[in-house]
Amino acid sequence: MSNYIPGLEGIIAAQTRISMVDGENGRLVYHGYVIADLAEEMSFEEVAHLLWHGRLPTRAELDALTLELAGSRALTPAATATLEALPTDTDPMDVLRSVVSVQGVEHRLEKPTVALAIHLTASFPTILAAFHRRQQGQPAIKPRADLGHAANYLYMMNGKESSPEIVRALNTYLVLLADHGMNASTFTARVIASTDSDLASCVVGAIGALKGPAHGGAPSAVIEQLEQIGTAENAERWMREARTRKVKFMGFGHRVYRVYDPRAKILKAMCERMNPKFYALATKVEEVALRILHEEHPERPQSTNVEFYSAGVLQAIGLPKQYFTPTFAVSRAAGWTAHVLEQVANNRIIRPQSEYIGPEPRKPVPLAERG
Amino acid sequence: MAEFSPGLEGVVAAETAVSEVDGAGGRLIYRGGYLIEDIVPVAGYEEAAYLLWHGELPAESELAALRRQMSNARSLNKSGRGALVALDQQTNAMDVLRTVVSAQGASKTLNKPTLDEAIALTAVFPTIVGAAHRRRQGKDVVEPRADLGHAANLLWMMSGEEPKSDQVHWLDSYLVLLADHGLNASTFAARVVASTGSDLTSCVVGAIAALKGPAHGGATFAARTMLDKIGTAENAERWLTEAHARHERFSGFGHRVYRTYDPRAKILREMAKTASPELYKTAARTEEVALKILHDAHPDRPNATNVDFWASVVLTGAGIPKELFTSIFATSRVSGWTAHVLESLSDLRLIRPASRWTGPEPGRKPAQLAKR
């Protein structure tokens, strides 16, 4: 009999105080606070402090963290040179993976610390914006220490300040996505941390996992599918027809949630305000998708996931599609590093077992006698 | 409610035909059902890699084709070269590997992992390790040579000199022995990354990142460092007794899975006698004393010598400086990593375990900033 547990579904791989995904009740909790109480109230910096230290910062702590993040935004000369060596049509996730790998090089192997977490988290927007500017044939914009994490990211991308409403929307997105239990990229980071490797290694591994379409790589696909559908009137016909070709509906289904994802709810409301055109089409597509999915599998809880309305919010913010998943990484960097710190504080190497399904032991044939 | 098993010990996270670690029997089985001790005498690294990828040992023509494909894939592309020269010359070889592999594999579109990519990635590792070594010494990088096999070319790119056949043999045997080992932490990391539908480069970069940890790939370096501190066979008893009194761990002993002597350690121990006779004496005495101390301290525990201990002696004989041990381990294991990723594609399912919440009761309200 096999003890193999596909996808490790239901297996507890860690104890954590950082975040809890309560799939039954549709709650996401950071250190005891439900996400709806944080999303539109807190800055990304406050939430990063919460994830790293386990409590919200005082004014003095927040000022100190803001200063430290702003002071860590510049890339090292090696990181800049690596960024410039990559062709301009490179997937920005590959750029992020490669340049974070350089930015995080340490002269000796150090145990992960909050200071290192701040250093790496601060560099993500700089890397992405510098590469975006290069793609546009424009020089990189120097970070501005007087702007917060979200505002400065947009400033470096666009070369000008964004409106308060847009900055606020990006900030909310960054807060919403900053952590989410034992998702695949966070788990990757913890597996790497469990070998006593360094923080950059953990984060680079996590970026690689987030790139996968089954994890973070799908929000741009949501936009592409909506573009194909075109209009609300066309939704039903297109989607029924797509289903006969086994086309997957982008932005639906989640391993954990059994009810509506609380982040999707907040992002949906933001879309209604900020991106009415997207909202009109997306709500129709959502309705049809949920109906079709329910007809096919009435037993399955098929709900809209966070990526569906993320796409509309990120589009309204003005980020190019290619930068949707990398912006997810900008946010999740805080959670990844927090999990690594938690893992190393009480570590045991993560080394599961496998079940051998190959042939029984036998003798190899020498080269000359093969074929 | 499910139980939390720290380190996922005893949890079966994959079905695999790539390799099997039979801890109770002290056997390592490679794909196709071959015991490691049967493979080493008949197959070099390219054959072992072929076996892990295809499930069968290659016929002569298949081996020749693989060798050709690998030697054609040894050069860095523009991105890989750019990242290499961007790095400070003193950068640790594992950080060089993590970065240059990432840049080398940077692409415009997301590609599903393929065998050709696995071969190309495996082929380029010695180029990166060799270059990292040369740059650390302030020397020019040596271009790969297509007429040499995988192990010989690695030594060539490190030294720029014609490698000695004994050293090639020891290094090649090491590379065969370490090429796969069940669901170790780096292989598991690669499979987790693969499970999201990500690309092969991301899987391998994640695996390199995990192998870098001293509790995983860094153990060979630690074993050699301990032998350096011990210095001579005569000094072993005193040094180990004192270290044990200070509660220091002995590097190169103990393994999560093996309950008997690691079969790879057995082969390397034998090889060490000729590969590095002086160091062998110190190591053999160290092993004898360490096992006795460990047994006296914990008679209940199976405390056997692990592969890292004897690998450190054999690699020394092959002319590899200890700063490169972990990256040489990666150079071997990359065939296993890629074989696991390719295997996992046939039944891809997102690896997303659960966690247990140990934080405060959910639902408390955040205080306003001014009131904190």
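Naming: A, B, ... by sequence-line order, numbering from 1 per chain. Any value given below was found using the heavy atoms of this structure, including those in side chains, with hydrogens, waters and symmetry copies removed.
- Defined by atom type and a distance below 3.5 Å, a donor-acceptor pair is missing between the side-chain atoms of B:Arg372 and A:Thr58.
- B:Leu51 does not touch chain A: none of its heavy atoms, backbone or side chain, sits under 4.5 Å away.
- Closest approach of A:Leu56 and B:Pro366 over heavy atoms only: CD1-CB, 3.6 Å.
- Sorted pairs that involve residues 77-86 of chain B and meet salt bridge (charged side-chain N to carboxylate O under 4.0 Å, His left out), not counting sequence neighbours, are lacking altogether.
- Heavy atoms closer than 4.5 Å to chain B are found in the side chain of A:Arg27, but not in its backbone.
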**Item:** Stepwise side-chain hydrogen bond (donor to acceptor under 3.5 Å, both in side chains) test for B:Arg356 and A:Thr16
**Value:** CA-CA 6 Å; B:Arg356 172 175 291 164; A:Thr16 184; over 6 Å; no

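- With chain B as the partner, the residue from A:Thr76, A:Asp198, A:Thr82 showing the most heavy-atom pairs under 4.5 Å is A:Asp198.
- A distance-only check finds no donor-acceptor pair linking the side chain of A:Asp196 to the backbone of B:Gly213 [under 3.5 Å].
- Using modelled atom types, one side-chain atom of B:Arg364 and one backbone atom of A:His31 make a donor-acceptor pair closer than 3.5 Å.
- Nearest approach of A:Pro364 to B:Leu57, heavy atoms of both residues: CB-CD1, 3.6 Å.
- Using a 4.5 Å cut-off between heavy atoms, A:Met93 makes no contact with chain B at all.
- For the pair A:Val29 and B:Trp357, the minimum side-chain heavy-atom distance is below 4.5 Å.
- Residue contact with chain B, scored on non-hydrogen atoms closer than 4.5 Å, is absent for A:Leu83.
- Using a 4.5 Å heavy-atom cutoff, the side chains of B:Leu8 and A:Leu8 are in contact.
- Separating the CD1 atom in A:Ile11 from the CZ atom in B:Arg352 is a distance of 14.0 Å, to the nearest 0.5 Å.
- When heavy atoms are compared at a cutoff of 4.5 Å, A:Pro57 approaches chain B by way of both its backbone and its side chain.
- For the pair B:Val205 and A:Val204, the minimum side-chain heavy-atom distance is below 4.5 Å.
- The minimum heavy-atom distance between B:Lys212 and A:Ser197, with the atom names listed, is CB-OG, 3.5 Å.
- Smallest separation of non-hydrogen atoms from A:Gln353 and B:Leu183: O-CD2, 3.4 Å.
- For A:Ala200, the parts lying under 4.5 angstrom from a heavy atom of chain B are both the backbone and the side chain.
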**Request:** In sequence, state the C-alpha distance, the side-chain angles, and the governing distance for B:Lys365 and A:Glu41, and then conclude on salt bridge (charged side-chain N to carboxylate O under 4.0 Å, His left out).
**Result:** CA-CA 11 Å; B:Lys365 294 291 169 195; A:Glu41 304 296 327; over 6 Å; no

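- Contacts between B:Asp38 and chain A at a heavy-atom distance below 4.5 Å involve backbone atoms as well as side-chain atoms.
- Between the NZ atom of A:Lys363 and the CD1 atom of B:Ile39 there is a distance of 10.5 Å, given to the nearest 0.5 Å.
- The part of A:Ile18 that comes within reach of chain B is its backbone (N, CA, C, O), which places non-hydrogen atoms under 4.5 angstrom from that chain.
- Using modelled atom types and a 3.5 Å distance limit, the side chains of B:Arg98 and A:Ser101 yield a donor-acceptor pair.
- Among all heavy-atom pairs drawn from B:Ala189 and A:Val191, the shortest one is CB-CG1, 4.1 Å.
- Ranked by heavy-atom pairs shorter than 4.5 Å toward chain A, the options B:Pro58, B:Ala59, B:Ser102 are led by B:Ser102.
- Taking all atoms of both residues into account, the shortest heavy-atom contact from B:Ala210 to A:Thr195 is O-OG1, 2.9 Å.
- Rounded to the nearest 0.5 Å, atoms OG (B:Ser202) and CD1 (A:Ile207) are 9.0 Å apart.
- Put simply, the side chain of B:Ser107 reaches to within 4.5 Å of the side chain of A:Asp94, judged on heavy atoms.
- For the pair B:Leu369/A:Glu46, a side-chain contact is recorded, criterion being any heavy-atom separation below 4.5 Å from C-beta on.
- With respect to chain A, the highest number of heavy-atom pairs below 4.5 Å among B:Ala370, B:Ala185, B:Ser195 belongs to B:Ala185.
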**Request:** Walk me through it: do B:Arg349 and A:Glu9 pass the test salt bridge (charged side-chain N to carboxylate O under 4.0 Å, His left out)?
**Result:** CA-CA 10 Å; B:Arg349 185 171 161 78; A:Glu9 189 162 353; 2.2 Å; yes

**Item:** Derivation and outcome, side chain to side chain contact (heavy atoms under 4.5 Å, CB included), residues A:Thr90 and B:Lys108
**Value:** CA-CA 4 Å; A:Thr90 307; B:Lys108 186 178 162 185; over 6 Å; no

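- The closest donor-acceptor contact from the side chain of A:Ser354 to the backbone of B:Thr16 lies at 3.5 Å or more, if one exists at all.
- Counting only heavy atoms from C-beta outward, the side chains of A:Val105 and B:Asp88 never approach each other to under 4.5 Å.
- Here the side chains of A:Ile5 and B:Val12 are not in contact, with every heavy-atom distance at 4.5 Å or above.
- B:Ile29 contributes atom CD1, which lies 11.5 Å from atom CZ of A:Arg362 (distance to the nearest 0.5 angstrom).
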**Prompt:** Between B:Phe4 and A:Gln15, does a side chain to side chain contact (heavy atoms under 4.5 Å, CB included) hold up when you go through it step by step?
**Reply:** CA-CA 8 Å; B:Phe4 169 46; A:Gln15 306 199 90; 3.3 Å; yes

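- There is no contact between B:Asp22 and chain A, counting heavy-atom distances below 4.5 Å.
- In this structure, the side chain of B:Thr196 engages the main chain of A:Ala209 through a donor-acceptor pair within 3.5 Å.
- For a residue to count as touching a neighbouring chain, one of its non-hydrogen atoms must lie under 4.5 Å from one of that chain's; by this rule B:Glu60 touches chain A with backbone and side chain alike.
- Looking at A:Tyr33, the atoms closer than 4.5 Å to chain B (heavy atoms on both sides) sit in the backbone and in the side chain alike.
- Residues A:Ile12 and B:Pro353 form no side-chain contact, since every pair of their non-hydrogen atoms from C-beta on lies 4.5 Å or further apart.
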**Prompt:** Can you check side chain to side chain contact (heavy atoms under 4.5 Å, CB included) on A:Arg351 and B:Phe188, steps first, answer last?
**Reply:** CA-CA 7 Å; A:Arg351 198 211 185 288; B:Phe188 182 52; over 6 Å; no

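- Interface summary for chain A: among B:Val18, B:Leu110, B:Asn77, the most heavy-atom pairs under 4.5 angstrom belong to B:Leu110.
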**Message:** Could you walk me through whether A:Arg370 and B:Glu47 satisfy the side chain to side chain contact (heavy atoms under 4.5 Å, CB included) test, starting with their C-alpha distance in whole Å, then the side-chain angles of each, then the deciding distance to 0.1 Å, before giving a yes or no?
**Reply:** CA-CA 12 Å; A:Arg370 280 175 227 150; B:Glu47 284 164 272; 3.2 Å; yes

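- Sorted by first and then second residue, the pairs that involve residues 181-195 of chain B and meet salt bridge (charged side-chain N to carboxylate O under 4.0 Å, His left out), not counting sequence neighbours, are B:Arg191-B:Glu343.
- Counting heavy-atom pairs under 4.5 Å between each of A:Ile357, A:Val34, A:Ile350 and chain B puts A:Ile357 at the top.
- Residue B:Ser186 does not touch chain A at all, counting heavy-atom pairs closer than 4.5 Å.
- Of the two parts of B:Glu62, neither the backbone nor the side chain holds a non-hydrogen atom closer than 4.5 Å to a non-hydrogen atom of chain A.
- Contact annotation for B:Glu56: only side-chain heavy atoms (C-beta onward) come within less than 4.5 Å of a heavy atom of chain A.
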